[in-house]
Amino acid sequence: MTAPANAVPERAEQSLRQTLLSPGYRRLLLLCVLLGVPIALACFFFVGLQHELQHWVWTSLPEAAGYDTPPWWWPLPALVLAGLILAPIVTRMPGGGGHLPVNGLGGAPVGPRALPGAVLAALATLPLGVVLGPEAPLMAVGSGLALLALRRAGAGGDQRAGAILATAGSTAAISTILGGPVAAAVLLIEGAGLAGTQLVALLLPCLLASATGALVFTGFGQWTGLEIGALALPELPPQAGPDAGDFLWGLPTAALIAVLVTLARGLGHRTVAWTRHRTAARTVACATAVGVCVAAYALITGRSPAEAALSGQATLAQLAAHPHAWSVGALVALVVCKGLAWGIALGALRGGPIFPSVLLGAATALACSGLPGFGATPALALGISAAAAAVTGLPLASAVLAVLLMGRDAHDQTPLIVMASVVAFVVAQLVRRTEPETGGAETGGAAPGGAPAPGAAR
């Protein structure tokens, strides 16, 4: 005898209700709220310190040496120093300085023992211009502090609670630089691959932790006056709704962006295989190669090497505010030189992969925006969405990120943003061949921070 058609949904709803009303889950929610505060404070000072060090390396120090902007050769000693600092961290410290960025944001959560190496690698090398973003180290801070708190509370053996708290901590951390808890929550929903009651049970702690963290993060920014360099576009090109020309040129451009991002990731995988042997020396060699690529951009264009060396959020904001300040040649040089540097960095250095890819996507699209009927505003919107979808494998989260960044212009651009995200995702899957294992999972297969799905933890 078959069960009624509504029996399964009713049992699922009853199971969800029991989970939400259980004392253990309510204590977990309270702990997530409490964890949001210290995690946000740690992330705030982490990003603030990184931004100050970056400003010192690329602004204050060149000015002290008599240069208005860093000279073309500036990245060479900076990146050699980054490689020399990173090599012993990768080879000798627990955790090897954090996840390889070519693996996205997935993989096992960074525990308390590996956290110092991840923080040191990020703070010592990101300001020197390793062409990577702060998002992966921030997520490591979130998961590491959450697991440390769980261990201090005497519940370190509870793998299910550890999985949820590590994911909540990572989500709280990433929300501080992705515009708040909404983008982080969508990233979680799509990245975790969950459904039904498991999704709700994991989503609520992450929303609470990330919302609390965002509040603290914003408050400390106002109180201290420190700049954190979060991904944001304070100024945008004049508002213009997409028309037939934008779709005609925009969707092939999204496919082109997906191809370029995927090829760069392929370079990252080959770099991983190359650095498995003689890791220390080859890490320094890869950092030096990144410096050569960045210096080549400055030599070719006559512009500041910082535009190609840093993670990309500052240059992206400049592109959005003044899209015509770059010639097509300069944009192409940025895509080629930064793309090569990013591909090498993905497989050898430490940091986040998303911010640089977003800049590469925006620069590619704006380089194509001179085509007849293709506007700068639609190009910027689709470039962000397409690049994020290609590098993360998460088309929905990428579209949401682009919508949040575009602000008031997002309403008219949403159809193009969504279509570009889907096209880039599909093309990236078609272009991507079987990639060698490099020790971690891609973003699309795990929750942010690499924590396993709650139902999977045993």
Give, for atom CD1 of Ile85 and atom OG1 of Thr283, the distance between the pair rounded to the nearest 0.5 Å.
13.0 Å

Heavy atoms of Pro75 and Gly291 approach each other most closely as CB-O, 3.9 Å

Only one of Val259, Leu267, Val261 passes side-chain contact (heavy atoms from CB on, under 4.5 Å) with Leu263, and that residue is Val259

Validation row: Asn103, His99 side chains within 4.5 angstrom (heavy atoms):
no

Taking the side chain as every heavy atom from C-beta outward, state whether Val90 and Arg350 have any pair of such atoms under 4.5 Å apart.
yes

Counting N and O atoms only, with roles assigned by atom type, does the side chain of Trp74 sit under 3.5 Å from a partner on the main chain of Ser304, one being a donor and the other an acceptor?
no

Within the side chain of Ser357, is there an N or O that forms a donor-acceptor pair under 3.5 Å with the backbone of Ile354?
yes

Could you check whether any side-chain N or O of Ser143 sits under 3.5 Å from a backbone N or O of Ala140, counting only pairs where one atom can act as donor and the other as acceptor?
yes

Spatial distance of atom CG (Leu405) from atom CG (Leu316) [nearest 0.5 Å]:
7.0 Å

Leu128 side chain near Leu79 side chain, heavy-atom distance below 4.5 Å
no

Of all the heavy-atom pairs spanning Ala365 and Thr253, show the shortest one and how long it is.
CA-CG2, 3.8 Å

Interatomic spacing from OH in Tyr67 to OG1 in Thr59 - rounded to 0.5 Å:
15.5 Å

Trp249 side-chain N/O to Pro372 backbone N/O, donor-acceptor pair under 3.5 Å
yes

Is there a donor-acceptor pair closer than 3.5 Å between any side-chain N or O of Asp246 and the backbone N or O of Gly375?
yes

Going through the distances and angles, do Phe374 and Leu382 end up as a side-chain contact (heavy atoms from CB on, under 4.5 Å)?
CA-CA 11 Å; Phe374 195 12; Leu382 76 87; 3.6 Å; yes

Side-chain contact test, heavy atoms from C-beta onward, threshold under 4.5 Å: evaluate it for Leu319 versus Leu359 and give yes or no.
yes

Determine whether Thr288 and Leu76 satisfy the following criterion, side-chain contact (heavy atoms from CB on, under 4.5 Å), listing intermediate values before the conclusion.
CA-CA 7 Å; Thr288 304; Leu76 298 175; 5.7 Å; no

If you define the side chain from C-beta out and look only at heavy atoms, does anything of Leu260 sit under 4.5 Å from Val335?
yes

Rounded to the nearest 0.5 Å, the OG1 atom of Thr315 sits from the CZ atom of Arg303 at a distance of 9.0 Å

Nearest-0.5 Å distance that lies between atom SG in Cys368 and atom CG in Leu256:
6.0 Å

Closest contact, heavy atoms only, Ser398 versus Ala389:
OG-N, 2.9 Å

Heavy-atom nearest pair, Ser311 first then Gly133, reads CB-CA, 3.5 Å

Ignoring hydrogens and geometry, is there a side-chain-to-backbone donor-acceptor pair from Ser385 to Ile417 under 3.5 Å?
yes

Does a side-chain heavy-atom distance below 4.5 Å link Trp326 with Glu307?
yes

Would you say Pro305 and Tyr297 make side-chain contact, with heavy atoms under 4.5 Å?
no

Within a strict 4.5 Å, meaning less than it, do heavy atoms of the Leu86 and Leu349 side chains meet?
yes

Is there a side-chain contact (heavy atoms from CB on, under 4.5 Å) between Leu346 and Leu132? Walk through the geometry before answering.
CA-CA 8 Å; Leu346 285 175; Leu132 294 169; 4.2 Å; yes

d(Phe46 CZ, Leu126 CG) to nearest 0.5 Å is 6.5 Å

Where do Ala42 and Leu145 come nearest, in terms of heavy atoms and distance?
CB-CD1, 3.6 Å

Do Ser369 side-chain atoms and Ala376 backbone N/O form a donor-acceptor pair below 3.5 Å?
no

If we ignore hydrogens and angles and just use 3.5 Å, is the side chain of Lys338 paired with the main-chain N or O of Ala333 as donor and acceptor?
no

Counting only heavy atoms not in Trp73, do more than 12 sit closer than 6.0 Å to its CH2 atom?
yes

Where the side chain of Thr271 meets the backbone of Gly347, is there a donor-acceptor pair that is under 3.5 Å apart?
no

Please find the pair of heavy atoms, one from Pro395 and one from Phe425, that lie closest to each other, and give the distance.
CD-CD1, 3.9 Å

Keeping the roles fixed (side chain from Gln50, backbone from Pro134), state whether a donor-acceptor pair exists under 3.5 Å.
no

Using the side-chain contact (heavy atoms from CB on, under 4.5 Å) rule, take Leu100 and Val272 through it: C-alpha gap first, then chi angles, then the decisive distance, then the call.
CA-CA 9 Å; Leu100 279 167; Val272 172; 4.0 Å; yes

